[in-house]
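Just below is one structure, and these are the notes that go with it.
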Protein chains: 2
Amino acid sequence: MIPTKDKILNTAEELFADHGFAETSLRMITAKANVNLASVNYHFGSKKTLIQAVFERFMQRFTLDLGIEMDKIEKQKNFKVDDVLGGLVGPITNLDQLRPDGSAVFMNLLGRAYAETQGHIRRFAMEHYADVLKRFTQLLHATSPKLLPDEMFWRLHFMLGSFIFTLAGHQALQEISESDFDQKVSIEQIVKRLVPFMAAAFSYDSTLSAVTNP
Amino acid sequence: MIPTKDKILNTAEELFADHGFAETSLRMITAKANVNLASVNYHFGSKKTLIQAVFERFMQRFTLDLGIEMDKIEKQKNFKVDDVLGGLVGPITNLDQLRPDGSAVFMNLLGRAYAETQGHIRRFAMEHYADVLKRFTQLLHATSPKLLPDEMFWRLHFMLGSFIFTLAGHQALQEISESDFDQKVSIEQIVKRLVPFMAAAFSYDSTLSAVTNP
DNA sequence: GCATAATTCAAACAGATGTTTTAAACATAC
DNA sequence: GTATGTTTAAAACATCTGTTTGAATTATGC
């Protein structure tokens with residue numbers, strides 16, 4: 001028998017990813033999970049903290065795996081941008097073994113969290129991501145030490161946008177890809193396409209403006 | 001005296017951008033706009049159509065300007081990726097003359113619309129953007145005719161993600177930039193930094209994998 | 001100036017929301 | 001087996017939501 005607390009988390013996770021936070025009511029969750037309405041407030045205190053709890057499960061696993069991946073990269077002597085960005089593939093796809101379709105669900109949640117109103121999820125997530133993101137930034141910077149800090153900052157967020165946006169909306173993109181090109185793509189394949197694309201952007205030299213065409 | 005309909009549109013626009021659609025109630029709008037609650041349903045029918053009306057004002061101007069920009073580029077004989085992407089700068093910044101902080105507001109709305117639940121705004125927007133986006137795609141493809149259609153598709157959406165995500169969250173980024181680097185940046189400056197970055201990504205050749213480092 | 005239409009207004013509507021309450025059921029320990 | 005603490009249950013709570021109503025007001029055309 002699955003504990004009530006877990007039943008709530010599992011169902012909330014699914015519904016949040018599908019419909020968003022504001023659009024998912026506690027009654028929708030408790031009805032689908034077959035638990036009492038009051039149990040959410042009993043176990044989690046409020047809806048807000050339930051949302052954070054849903055995030056926490058994913059983040060723990062993700063940041064753990066990402067940290068390990070960073071360690072590996074750090075030990076390499078001549079790692080490149082592609083290596084650092086490629087380090088994201090594992091931690092993302094590993095979420096699928098945390099739960100069926102885990103990576104997809106997490107990316108949906110992430111996208112929604114970023115568009116969130118008061119940004120309380122964003123703030124909450126940033127606290128947990130802070131150290132990992134810092135290591136990630138440092139490794140990236142090590143591959144392109146010539147880049148000025150402010151340029152680093154912007155490029156990092158440009159990339160972040162592409163990642164979150166693409167993966168949060170991957171369902172729609174997958175459907176289009178299948179109907180237009182007969183290509184059924186997984187999240188892993190999307191990320192693997194995205195990595196060299198962003199790596200090329202990241203390692204371009206802004207001192208030579210782009211006049212290097214034949 | 002500003003017509004009630006416009007008062008509603010102006011205030012709704014501001015609140016939607018600041019707080020999101022679901023989190024902005026008609027009572028918040030009508031109170032701030034100093035109009036009667038019922039006037040929203042009288043003038044717009046429903047909240048849903050009000051949201052669309054808010055979008056429409058921006059989209060008309062944006063697509064118009066973007067079309068003009070495309071015409072110019074099309075007439076050049078040897079336009080490059082940077083030229084096509086650079087064509088976005090004008091139409092975006094022009095929104096500031098449509099209304100104070102217009103580009104910022106519009107980008108906020110766009111970001112929120114993309115995270116929207118049922119995607120009714122997304123669908124609505126896509127209908128209006130369809131032809132412009134198609135021209136945009138064609139011009140981009142013309143700069144890199146070797147790219148296979150599916151690779152084109154993905155790169156286009158990777159870029160779209162970077163643009164929308166960055167510009168939708170520009171306020172936070174601007175604040176960080178100012179506190180960390182003492183650099184006060186405008187949306188125009190962000191876009192102008194983003195364009196060569198994405199251009200470099202877009203024009204990278206995936207047949208030669210990235211081994212072209214010194 | 002009058003009739004007609006368009007707009008504004010206050011009030012109420014019906015329903016959904018998160019949260020709290022109080023009692024019942026359950027589990028655990030002694 | 002009784003006492004204690006934990007969990008579930010049904011119901012009510014207060015509040016907020018978008019929308020509708022019907023009368024009052026204002027503007028428009030003649």
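Naming convention: chains lettered A, B, ... in sequence-line order (proteins, then strands); numbering from 1 in each chain.
Checked against D:dT19, C:dT8, C:dT20, the side chain of A:N41 finds its nearest nucleotide in C:dT20. Here the nucleotide nearest the side chain of A:S46, chosen from D:dT7, C:dT7, C:dT19, is C:dT19. Among the nucleotides D:dG18, C:dG18, C:dA6, the one closest to the side chain of A:S25 is C:dG18.
For the side-chain contact (heavy atoms from CB on, under 4.5 Å) with B:I187, the lone residue among B:D96, B:L95, B:I92 that qualifies is B:I92.
Backbone-only engagement by B:T24 is indicated by non-hydrogen atom pairs under 4.0 Å involving sugar-phosphate atoms exclusively.
Ring pair B:F165/A:F165: centre-to-centre distance not below 6.0 Å.
For A:L37 and C:dT22, the CG to C1' distance is 15 Å, given to the nearest whole Å. A straight line from CG of B:N34 to C1' of C:dT8 spans 13 Å, rounded to a whole angstrom. Taking atom CG on B:L26 and atom P on C:dA10, their separation rounds to 17 Å, with Å as the unit. D:dA27 atom P lies 10 Å from atom CE of B:M1, rounded to whole Å. The separation between B:L15 atom CG and D:dG18 atom P is 12 Å, rounded to whole Å. In this structure, A:K47 atom NZ and C:dG18 atom P are separated by 4 Å, rounded to whole Å. Atom P of nucleotide D:dC16 and atom CD of B:E23 are separated by 16 Å, given to the nearest angstrom. Between B:K5 atom NZ and D:dA27 atom P the separation is 18 Å, expressed in whole Å.
Take the nearest nucleotide of DNA chain D for A:R27 and for A:N36: the residue whose nucleotide is more 5' is A:N36.
Between A:F158 and B:F197, the ring planes are tilted. Angles from 30° to 60° get that label.
Note that the OH atom of B:Y204 and the CE atom of A:M198 stand 11.0 Å from one another [nearest 0.5 Å]. Here the CD-NZ distance, from A:E14 to A:K32, works out to 4.0 Å after rounding to the nearest 0.5 Å.
Contact annotation: B:S39 side-chain N/O to C:dC9 OP1/OP2 distance is not under 4.0 Å.
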